[in-house]
Amino acid sequence: MSTTKQLRGGAKWALSVNAVLVYVFFYAPIALLVMYSFSNDNLVGRWGGFTLDWYRAFGENQEVQNALSVSLKVALFSTLISVILGTTAALALERYRFRGNRFFDALLYLPVIIPDVTMAVMMLLFFTQLFNFLDAVFGIRFAKGLATVTLSHIAFSISFVSIVVRARLAGMNETLEEAARDLYASRWKAFRYVTLPLITPGVVGGALLALTISLDDVVITQFVAGPGSTTLPVYVFGLIRRGVSPLINAVSVVMLAASILLVLLSLLAQRARGGTTA
Amino acid sequence: MTEQSTSAVSINGVTKRFGDVVAVDNVNLEIADGEFFAMLGPSGCGKTTTLRMIAGLEFPTEGSLQIFGEEVGTLPPNKRPVNTVFQNYALFPHMNILDNVSFGLRMKGVDKKTASAQANEMIDLVRLGGMEKRRPNQLSGGQQQRVALARALVNKPKVLLLDEPLGALDLKLRQDMQTELKSLQRELGVSFVFVTHDQEEALTMSDRIAVMHDGQLLQVGNPEQLYSQPVNRFVADFIGQTNLIDATVADDEMIVLANGTKVRAPNPHPPGTKVAMSLRPESIMIGDREAVPSESQSTSLSGVISSVVYLGHSVVYTVNVDWMPLEVRVPAVAGVSRYEAGAEIAIWWDRLSDWIVPDEGYRG
């Protein structure tokens with residue numbers, strides 16, 4: 001029942017060339033980036049022989065280290081919170097019918113659609129207003145910093161987590177929960193012993209996705225970051241403006257490798273077996 | 001009400017609405033302890049909803065539902081002494097067979113060792129010994145079915161609920177499981193409440209059957225009663241095969257068929273009532289016109305054979321009587337020649353084998 005037709009001559013050739021061009025377009029910049037991160041020259045785009053100096057600099061540069069530690073803190077914490085909130089949101093939307101169900105459903109997807117800049121401005125405005133309000137009413141002063149960055153990351157990660165978890169829940173037969181209840185499990189136990197193990201791949205996948213997005217975000221973070229809360233991507237962005245050094249090549253390669261690893265893990269987790277029954 | 005305390009399940013005036021839809025409409029039903037009870041009807045008739053209400057997976061909108069005399073109306077499923085075998089078994093895919101079967105016991109707080117021991121015993125009873133460590137998706141449909149049974153029965157439910165448990169099995173396996181279920185039920189002496197849309201299955205296995213349609217309980221009775229004395233046109237048509245002949249009551253002895261023929265059919269309905277006469281294919285006799293016995297003259301019709309189907313043990317004739325085709329089934333006797341299509345013949349039936357039902361509601 002194959003629906004693919006045998007292409008011949010010109011069409012086949014044109015498609016092959018197209019495929020090659022697409023891949024070149026995708027991966028040539030990455031190849032260049034990786035190559036020049038090993039280049040022993042102070043200019044970003046000039047080959048000066050092989051060296052690991054830039055990676056060494058990456059390891060020794062205190063600012064980079066600080067940014068990396070901020071990135072990891074923000075990413076881990078925001079992921080943890082957004083996994084809990086995103087999973088519960090997914091459960092509520094997938095398992096219960098309530099008033100405004102569809103509305104909340106649409107709302108949840110919004111952060112995925114909204115442009116980063118818009119989200120960033122929204123967040124900035126929100127925090128500024130909130131801080132003014134707290135200052136005026138309670139006399140407590142807050143400043144932008146780790147907390148605001150983390151909160152913003154939680155705000156957009158929830159959507160991604162709940163989308164992934166919902167996909168998993170939708171593939172899971174609801175009768176399984178009924179069966180558990182029928183077999184004397186309380187609501188909590190049915191969740192703990194049947195639902196949760198079956199959606200775990202989705203939860204893990206969602207968490208890794210949230211982690212990746214948090215580690216990669218520049219735009220939103222830059223708007224809501226304060227002194228001492230510069231994440232690695234924001235730092236790299238700053239480096240470019242100050243004058244480019246091949247150090248950013250090395251930093252970028254490390255970030256690229258970490259992202260690819262996380263996305264791969266996320267895909268693997270989502271594919272893990274269980275959930276859909278025969 | 002001493003009668004209620006002896007009933008395994010007692011349903012009184014139970015109605016279930018989903019929004020505007022009435023899924024179960026004022027149903028009254030008593031299911032005795034130790035009974036193999038089937039709920040039969042086409043899909044969407046409310047039989048599964050009724051079962052789910054007994055299980056506690058749905059709560060009645062109105063009415064009272066008791067299990068061994070205890071009101072369970074809105075008790076959650078985990079607090080009821082019943083267990084369910086689900087339609088697609090609903091085995092936990094992330095657990096092996098032993099864990100699946102011991103799940104209920106573990107949830108009740110039985111310690112792991114005792115639970116495993118009892119689960120193993122039950123796994124042996126359903127002849128799955130040696131499969132304890134397998135996952136559900138490594139078993140065949142019939143084996144999964146038996147795991148589902150074991151998982152429910154290990155908890156020693158007072159009533160076992162089965163929702164179309166054989167629906168997913170192929171014919172041969174289905175027939176084996178029917179026998180197996182029936183003997184299991186006899187052995188355990190527990191009431192089985194069995195939901196099915198397959199009338200043959202219901203007739204084969206059940207002590208009593210409830211026929212449902214459009215949320216209403218039409219008739220409850222043993223297989224013979226349902227087959228020979230259906231209360232209305234729907235039941236007559238749904239249980240077994242039958243010829244439903246439209247007629248009007250002439251008096252308490254006679255009815256008038258569509259073409260004006262009067263036939264004898266004692267009935268309790270007032271003259272002029274629209275009725276249907278149910279004639280089972282096997283209770284109609286067929287022969288030459290002059291062969292009609294004199295006592296059956298008033299319960300005979302003439303017709304023309306339009307088709308003949310040989311089934312080995314019997315021959316099925318389709319006979320056109322003036323205004324409608326009738327199905328007639330006679331045993332195939334070796335050496336006795338059969339009628340050919342086109343033959344002009346007479347059919348007749350015993351005065352007691354017809355059954356008059358009010359012509360109301362569903363028309364098959």
Side-chain angles (χ1 to χ4, degrees), chain A residues 83 87 90-92 94-103 164-207 268-278, chain B residues 18-19 48 51-52 54-58 75-95 99-110 115 119 135-141 143-144 147-148 150-157 159-163 168:
Chain A
V83 160
T87 304
L91 278 167
E94 194 63 35
R95 283 293 185 258
Y96 299 98
R97 295 279 152 259
F98 52 89
R99 237 182 202 301
N101 190 320
R102 279 163 166 263
F103 179 66
V164 174
V165 174
R166 276 191 77 180
R168 188 76 194 181
L169 270 173
M172 181 192 153
N173 194 345
E174 228 174 305
T175 330
L176 292 174
E177 286 154 28
E178 292 186 341
R181 301 271 286 132
D182 184 65
L183 294 163
Y184 311 109
S186 59
R187 273 186 191 284
W188 163 248
K189 281 184 171 171
F191 175 76
R192 167 71 187 78
Y193 294 110
V194 175
T195 316
L196 189 59
L198 290 173
I199 62 168
T200 296
V203 175
V204 173
L268 277 179
Q270 288 177 62
R271 268 198 210 171
R273 72 203 200 96
T276 45
T277 45
Chain B
F18 295 103
T48 297
L51 193 83
R52 287 170 61 84
I54 302 174
L57 298 169
E58 307 284 355
L75 216 57
N78 51 327
K79 305 244 167 78
R80 299 187 183 207
V82 299
N83 290 108
T84 309
V85 174
F86 288 87
Q87 185 164 15
N88 291 310
Y89 320 134
L91 301 178
F92 304 128
H94 58 300
M95 296 181 194
D99 290 341
N100 261 285
V101 176
S102 51
F103 188 85
L105 295 171
R106 297 287 292 134
M107 288 299 123
K108 275 201 280 194
V110 176
R135 297 277 180 131
N137 62 7
Q138 293 170 298
L139 301 185
S140 71
Q143 290 169 330
Q144 292 185 19
V147 175
R151 187 177 69 171
L153 286 172
V154 76
N155 305 296
K156 303 204 167 46
V159 181
L160 182 73
L161 309 172
L162 304 103
D163 186 7

| request: Please state whether the side chain, the backbone, both or neither of A:Ala190 comes within less than 4.5 Å of a heavy atom of chain B. | output: neither

| request: With rounding to the nearest 0.5 Å, note down the distance linking CG in B:Asn78 to NZ in B:Lys108. | output: 11.5 Å

| query | Hey, which of B:Gly141, B:Ala152, B:Ala90, B:Ala148 has the most heavy atom pairs under 4.5 Å with chain A? | reply | B:Ala90

| message | Need one label for B:Arg106: side chain, backbone, both or neither, based on atoms under 4.5 Å from any heavy atom in chain A. | response | neither

| query | With sequence neighbours excluded, what pairs up with A:Ala207 under the side-chain contact (heavy atoms from CB on, under 4.5 Å) test? | reply | A:Thr79, A:Val83

| query | How about A:Leu198 and B:Pro93: do any of their side-chain heavy atoms sit closer than 4.5 Å? | reply | yes

| request: Specify whether B:Phe103 and B:Phe92 have parallel, tilted or perpendicular ring planes, treating 30° as the upper limit for parallel and 60° as the lower limit for perpendicular. | output: tilted

| query | Any idea which of B:Val82, B:Leu57, B:Asn83 has the most non-hydrogen atom pairs under 4.5 angstrom with chain A? | reply | B:Asn83

